[in-house]
Amino acid sequence: MRALFFKRFLQRPLQVASIVPSSKALVKRVARKMDFTHPRVIAEYGPGEGVHSREIARRMSADSRLLLFELDPAFARDLERQFADDPRVHVVHGDAAKLPEELKRLGIAHCDYILSGIPFSILEIKKKRALLEKTYEALADGGRFIIYQVTNELRQHATLFDQAESEYVLQNIPPMFITVFHKMSRRNGHRRPLKPATALSSNHRSA
């Protein structure tokens, strides 16, 4: 599978963003950000060859759901092959912005967790913020949006979220920030107002 990943990196370096899949250390660190003791609905943006997807599927319960949104057709086909016998996993060959429509189509109200490895830093600002809004709306109250990125610039844009904490993982090529954005319960059922950039809390530590 690493051969496919390397080939797609050479063909689409900006979209794939890394020359090798995430390391075992990064995958385990990301998975520990999720609680698998109850049935969960989890979405993943840009799963690539599926290294995080496989770990999530291994940990989640029989009545959980995992939605994988992959733009690259080769990766999407490979993910469909990998999870062909797992009814909990649903592969969508399309943009992550389709998440709300896909949840509605599947009769699912919200996600408990949304994981993303797509390189947000290369997205045009309007598309970036639109995807963040859709992500926020798709999360249940108390849900978490978890990203792993080379840079941590998304924190200045993800101002809908109430809280965020980051850690830096050196055991990966390249090293990555893992940031967890929290969606707290809404007050009186109303949507939170957009907060000024840099309003999120900061908590960096080396790994």
Side-chain angles (χ1 to χ4, degrees), residues 2 5 9 14-38 40-60 64 66-69 96 99 111-123 125 128-129 131-136 138-185 192 195-207:
R2 283 178 176 264
F5 196 94
F9 172 80
L14 291 179
Q15 185 174 312
V16 177
S18 177
I19 198 167
V20 293
S22 297
S23 67
K24 290 182 180 179
L26 180 65
V27 170
K28 289 181 179 179
R29 195 74 64 88
V30 167
R32 286 205 296 266
K33 305 296 183 185
M34 306 181 201
D35 176 7
F36 294 96
T37 59
H38 301 284
R40 301 297 186 193
V41 176
I42 303 169
E44 183 179 359
Y45 301 161
E49 59 89 43
V51 61
H52 290 275
S53 315
R54 291 191 294 275
E55 182 66 14
I56 291 169
R58 185 182 72 80
R59 293 180 181 229
M60 70 186 192
S64 292
L66 176 58
L67 283 65
L68 305 178
F69 289 81
L99 174 59
C111 293
D112 298 293
Y113 300 103
I114 298 175
L115 172 64
S116 177
I118 63 175
F120 271 88
S121 59
I122 70 168
L123 296 181
I125 186 67
K128 185 182 314 193
R129 292 198 169 185
L131 181 54
L132 284 169
E133 289 210 13
K134 289 193 175 186
T135 298
Y136 183 87
L139 278 172
D141 286 355
R144 298 180 183 182
F145 177 41
I146 304 167
I147 65 169
Y148 54 96
Q149 307 273 288
V150 174
T151 74
N152 211 11
E153 63 92 28
L154 194 62
R155 287 181 69 121
Q156 66 184 294
H157 301 288
T159 58
L160 280 170
F161 293 89
D162 303 81
Q163 179 185 342
E165 63 263 354
S166 301
E167 62 178 297
Y168 195 51
V169 180
L170 293 170
Q171 300 95 335
N172 192 74
I173 302 174
M176 292 273 183
F177 286 97
I178 303 174
T179 300
V180 181
F181 297 98
H182 298 260
K183 177 180 178 179
M184 304 302 188
S185 296
R192 285 178 49 81
K195 296 186 292 185
T198 73
L200 295 175
S201 63
S202 177
N203 177 23
H204 298 272
R205 65 181 185 274
S206 296

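As a basis for the values below, the full set of heavy atoms in this structure was taken, side chains included, without hydrogen atoms, waters or symmetry mates.
- Aromatic rings from His157 and Phe120 are positioned such that their centres are separated by 6.0 Å or more.
- For the pair Met176 and Leu26, the tightest heavy-atom approach, listed with the atom from each and the gap, is CG-CD2, 3.9 Å.
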Exercise for the section: Given salt bridge (Lys or Arg N to Asp or Glu O under 4.0 Å), test Arg59 with Glu55 step by step and report yes or no. Expected result: CA-CA 6 Å; Arg59 293 180 181 229; Glu55 182 66 14; 2.7 Å; yes
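- For the atom pair CD1 of Ile146 and CZ of Arg32, the computed distance is 12.5 Å after rounding to the nearest 0.5 Å.
- A donor-acceptor pair under 3.5 Å is absent between the side-chain atoms of Glu167 and the main chain of Val169, judged by distance alone.
- In terms of modelled atom types and a separation under 3.5 Å, the side chain of Tyr113 and the main chain of Asp35 share a donor-acceptor contact.
- Here the closest heavy-atom approach between residue Gln149 and residue Ser116 is recorded as NE2-O, 4.1 Å.
- Between the CZ atom of Phe36 and the CE atom of Met60 there is a distance of 8.5 Å, given to the nearest 0.5 Å.
- Interatomic distance, CG of Leu154 versus OG1 of Thr159, reported as 10.0 Å (0.5 Å rounding).
- At distances below 3.5 Å, not a single donor-acceptor pair connects side-chain atoms of Ser166 with backbone N or O atoms of Thr179.
- Interatomic distance, NZ of Lys28 versus CD of Gln171, reported as 11.5 Å (0.5 Å rounding).
- Not a single donor-acceptor pair under 3.5 Å links the side chain of Arg29 to the backbone N or O of Tyr168.
- By the salt bridge (charged side-chain N to carboxylate O under 4.0 Å, His left out) test, Lys134 pairs with no residue at all, sequence neighbours left out.
- Between Val27 and Ser22 the shortest heavy-atom distance is CG2-CB, 3.9 Å.
- Within the 3.5 Å criterion, the main-chain N or O of Met184 finds a donor-acceptor partner in the side chain of Asp162.
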Handout entry: side-chain contact (heavy atoms from CB on, under 4.5 Å) between His182 and Glu165, intermediate numbers included
Key = CA-CA 9 Å; His182 298 260; Glu165 63 263 354; 2.7 Å; yes
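- Between Lys128 and Leu123, the closest heavy-atom pair is CE-O, 3.4 Å.
- The main-chain N or O of Ser23 is found under 3.5 Å from a side-chain atom of Asn172 such that the two form a donor-acceptor pair.
- Exactly one residue among Tyr45, Phe69, Phe181 makes a side chain to side chain contact (heavy atoms under 4.5 Å, CB included) with Ile114. That residue is Tyr45.
- Annotation: the span from His38 atom NE2 to Asp112 atom CG amounts to 10.0 Å, rounded to 0.5 Å.
- Summarising the geometry, atom CG belonging to Leu68 is positioned 8.0 Å from atom CD1 belonging to Ile56; distances are rounded to the nearest 0.5 Å.
- A pairwise comparison of heavy atoms in Val30 and Tyr148 identifies CG2-CD2, 4.3 Å as the closest pair.
- Gln163 contributes no side-chain N or O that, together with a main-chain N or O of Lys183, makes up a donor-acceptor pair within less than 3.5 Å.
- Here the shortest heavy-atom pairing between Ser53 and Glu44 reads OG-OE1, 2.7 Å.
- Two rings, from Phe145 and Tyr136, have their centers 6.0 Å or more apart.
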